[in-house]
Amino acid sequence: DSMSRRSISRLETSYPQIERTIGNTFKKKNPVVLHPGNMLSNGMVSWAPRRMEIIPTPSSDLYAQSWDRQLVIHESRHIMQTGKLMSGLFRPFYYAFGEQVQGVAALFAPNWFFEGDAVATETALSNSGRGRLPEFNMLYRAHRIDGNFYSFDKWNLGSYVDYTGTYYALGYNLTAYARHQFGADVWDRVTNRYVSRVAIPPFTRAIKHVTGLDSEQLFNETFSFLEKEWEEQELAYQQSGFKPNYISHSNKRYNSYKYPQALNDSVILAVRSNFSDLTALVKIEKGQEKHLTYLGNINSPIILNNDKVYWTENISGTRWAHKN
């Protein structure tokens with residue numbers, strides 16, 4: 001009950017601030033469900049039936065912000081977004097067909113907008129937020145240095161061959177740049193246009209009307225702006241001569257290596273994952289990789305201590321989906 005009271009207080013305090021840059025939304029009481037028995041730190045907003053679900057267990061990847069404050073800002077922004085899409089042309093259909101109309105209204109709005117705008121909001125309304133994390137731009141900076149920067153479609157739609165990150169990071173960069181360039185209320189104006197006009201493609205047309213740029217042009221301008229910032233940072237910190245040292249061998253399909261631990265001067269332990277195999281603990285020595293063991297649903301970094309490796313895994317509950 002103390003967790004509930006704290007969540008209510010933060011939700012009621014924050015939503016007027018969150019609403020300021022998205023405009024008047026569809027006003028309906030919104031149930032909030034807490035799942036304190038779930039170890040998979042997350043949150044979600046959904047309709048039919050409408051609700052916000054919060055898993056209050058702090059994430060093991062937490063940054064400089066309390067987990068409940070982070071979830072309140074991020075998920076409340078999703079409430080505002082979905083409420084905004086239930087206005088204009090879509091409002092009569094809501095009364096005729098019910099809450100599932102929200103899914104139709106959101107169909108033509110891209111995921112990079114929903115998640116990117118929520119990350120931009122959590123960053124703007126706090127002293128932390130994922131937008132301030134270096135790894136949110138690490139992938140894009142690496143590709144710029146490598147000279148192999150993908151097209152907007154590839155970054156947006158993903159790839160089974162190359163790692164393209166998440167639409168959280170892509171969306172944050174696009175939505176934050178638009179806020180910087182066209183004002184903090186730019187996505188209020190874009191969504192107003194989206195729900196009041198019938199056009200194909202609808203969301204891109206709305207962005208074009210408000211900013212003069214379609215989605216791909218916004219992408220190009222965003223990363224041209226960021227590249228200049230990155231170049232200035234490299235000059236300021238004198239890091240432009242850095243040469244990477246590759247410790248894993250080259251693959252036709254990408255592997256993801258996380259939580260590296262140095263066993264000694266020449267041996268690295270890491271968690272490897274890819275599209276064709278289960279998540280595994282591997283040992284890398286002189287570019288050669290040895291499989292040690294498969295891992296379950298790991299939910300923490302690995303820790304090496306006294307030549308033993310420790311980690312934690314989620315074990316699903318027998319009866320309840322949100323108890324594990």
Give, for atom [atom1] of [X] and atom [atom2] of [Y], the distance between the pair rounded to the nearest 0.5 Å.
| X | Y | atom1 | atom2 | value |
| --- | --- | --- | --- | --- |
| Trp230 | Glu234 | CH2 | CD | 10.0 Å |
| Arg20 | Leu125 | CZ | CG | 8.5 Å |
| Asn274 | Tyr160 | CG | OH | 14.0 Å |
| Trp67 | Asn42 | CH2 | CG | 6.5 Å |
| Ser273 | Leu295 | OG | CG | 10.0 Å |
| Leu226 | Tyr177 | CG | OH | 9.0 Å |

Do [X] and [Y] touch side chain to side chain, with heavy atoms closer than 4.5 Å?
| X | Y | answer |
| --- | --- | --- |
| Pro56 | Leu71 | no |
| Leu292 | Val282 | no |
| Thr123 | Val119 | yes |
| Tyr257 | Glu289 | yes |
| Thr279 | Tyr294 | no |
| Asn137 | Asn173 | yes |
| Phe114 | Leu85 | yes |
| Arg189 | His209 | no |

Side chains of [X] and [Y] only: does a donor on one sit below 3.5 Å from an acceptor on the other?
| X | Y | answer |
| --- | --- | --- |
| Tyr94 | Gln100 | no |
| His74 | Arg130 | yes |
| Asn127 | Gln65 | no |
| Tyr163 | Asn255 | no |
| Trp47 | Thr82 | yes |

Parallel, tilted or perpendicular: which one describes the rings of [X] and [Y], with boundaries at 30° and 60°?
| X | Y | value |
| --- | --- | --- |
| Tyr140 | Phe149 | tilted |
| Tyr172 | Phe136 | perpendicular |
| Trp155 | Tyr150 | tilted |
| Phe152 | Phe219 | tilted |

Could you tell me which residues satisfy salt bridge (charged side-chain N to carboxylate O under 4.0 Å, His left out) with [X], sequence neighbours excluded, listed by chain and number?
| X | value |
| --- | --- |
| Arg5 | Asp1 |
| Lys258 | none |
| Glu115 | none |
| Asp68 | Arg6, Arg10 |

Item to check | Lys154/Asp162 under salt bridge (Lys or Arg N to Asp or Glu O under 4.0 Å): CA gap, chis, key distance, verdict | outcome: CA-CA 9 Å; Lys154 186 167 182 175; Asp162 301 305; 2.6 Å; yes

Next on the checklist: Suppose clustering is done on Ile, Leu, Val, Met, Phe, Trp and Tyr with side-chain heavy atoms closer than 4.5 Å. Which residues sit in the same group as Met44?
Outcome noted: none

Checklist entry - Other than Met39, which residues form its hydrophobic cluster under the rule that side-chain heavy atoms must be closer than 4.5 Å? => result none

Checklist entry - Between Ser14 and Ile73, is there a donor-acceptor pair closer than 3.5 Å when you use the side chain of the first and the backbone of the second? => result no

Which residue pairs pass the salt bridge (Lys or Arg N to Asp or Glu O under 4.0 Å) test when at least one of the two sits in [range], sequence neighbours left out?
| range | answer |
| --- | --- |
| residues 213-228 | Arg144-Glu227 |
| residues 40-55 | Arg50-Glu99, Arg51-Glu53 |
| residues 83-95 | Lys84-Asp188 |

Next on the checklist: Is there a side chain to side chain contact (heavy atoms under 4.5 Å, CB included) between Val195 and Leu89? Walk through the geometry before answering.
Outcome noted: CA-CA 6 Å; Val195 299; Leu89 295 173; 5.8 Å; no

For the residue pair [X] and [Y], what are the closest heavy atoms and their distance?
| X | Y | answer |
| --- | --- | --- |
| Leu218 | Ala178 | CD1-CB, 4.3 Å |
| Arg77 | Thr121 | NE-OG1, 3.0 Å |
| Ala184 | Thr21 | O-CB, 3.4 Å |
| Thr13 | Ser9 | OG1-O, 2.7 Å |
| Val45 | Glu75 | CG2-O, 3.4 Å |
| Ala109 | Tyr194 | N-OH, 3.9 Å |

Item to check | Passing candidate, side-chain hydrogen bond (donor to acceptor under 3.5 Å, both in side chains) with Asn324, options Asn38, Asn297, Thr318 | outcome: Asn38

Checklist entry - Yes or no on side chain to side chain contact (heavy atoms under 4.5 Å, CB included) for Phe113 and Trp187, after CA distance, side-chain angles and deciding distance? => result CA-CA 9 Å; Phe113 161 69; Trp187 297 110; 3.7 Å; yes

Mark yes when over 12 heavy atoms from residues, nucleotides or ligands other than [X] sit less than 6.0 Å from its [atom1]; otherwise mark no.
| X | atom1 | answer |
| --- | --- | --- |
| Glu229 | CD | yes |
| Tyr254 | OH | yes |
| Arg132 | CZ | yes |
| Phe182 | CZ | yes |
| Phe275 | CZ | yes |

Item to check | Basic-acidic side-chain contact under 4.0 Å: Arg69, Glu122 | outcome: no

Checklist entry - Which pairs, with at least one residue in residues 195-207 and sequence neighbours excluded, count as a side-chain hydrogen bond (donor to acceptor under 3.5 Å, both in side chains)? => result Thr204-Ser215

In a table with atom names and distances, give each donor-acceptor pair under 3.5 Å that connects a side chain of residues 307-316 to protein atoms at least two apart or in another chain.
from: Trp311; atom 1: NE1; to: Glu313; atom 2: OE2; distance (Å): 2.7
from: Thr312; atom 1: OG1; to: Asn299; atom 2: OD1; distance (Å): 2.5
from: Thr312; atom 1: OG1; to: Ser300; atom 2: OG; distance (Å): 3.1
from: Glu313; atom 1: OE2; to: Gly296; atom 2: N; distance (Å): 3.1

List, one per line, each side-chain donor-acceptor pair under 3.5 Å for residues 259-269, sequence neighbours excluded.
from: Gln261; atom 1: OE1; to: Leu304; atom 2: N; distance (Å): 3.4
from: Asn264; atom 1: OD1; to: Ser266; atom 2: N; distance (Å): 2.9
from: Asn264; atom 1: OD1; to: Ser266; atom 2: OG; distance (Å): 3.3
from: Asn264; atom 1: OD1; to: Val267; atom 2: N; distance (Å): 2.9

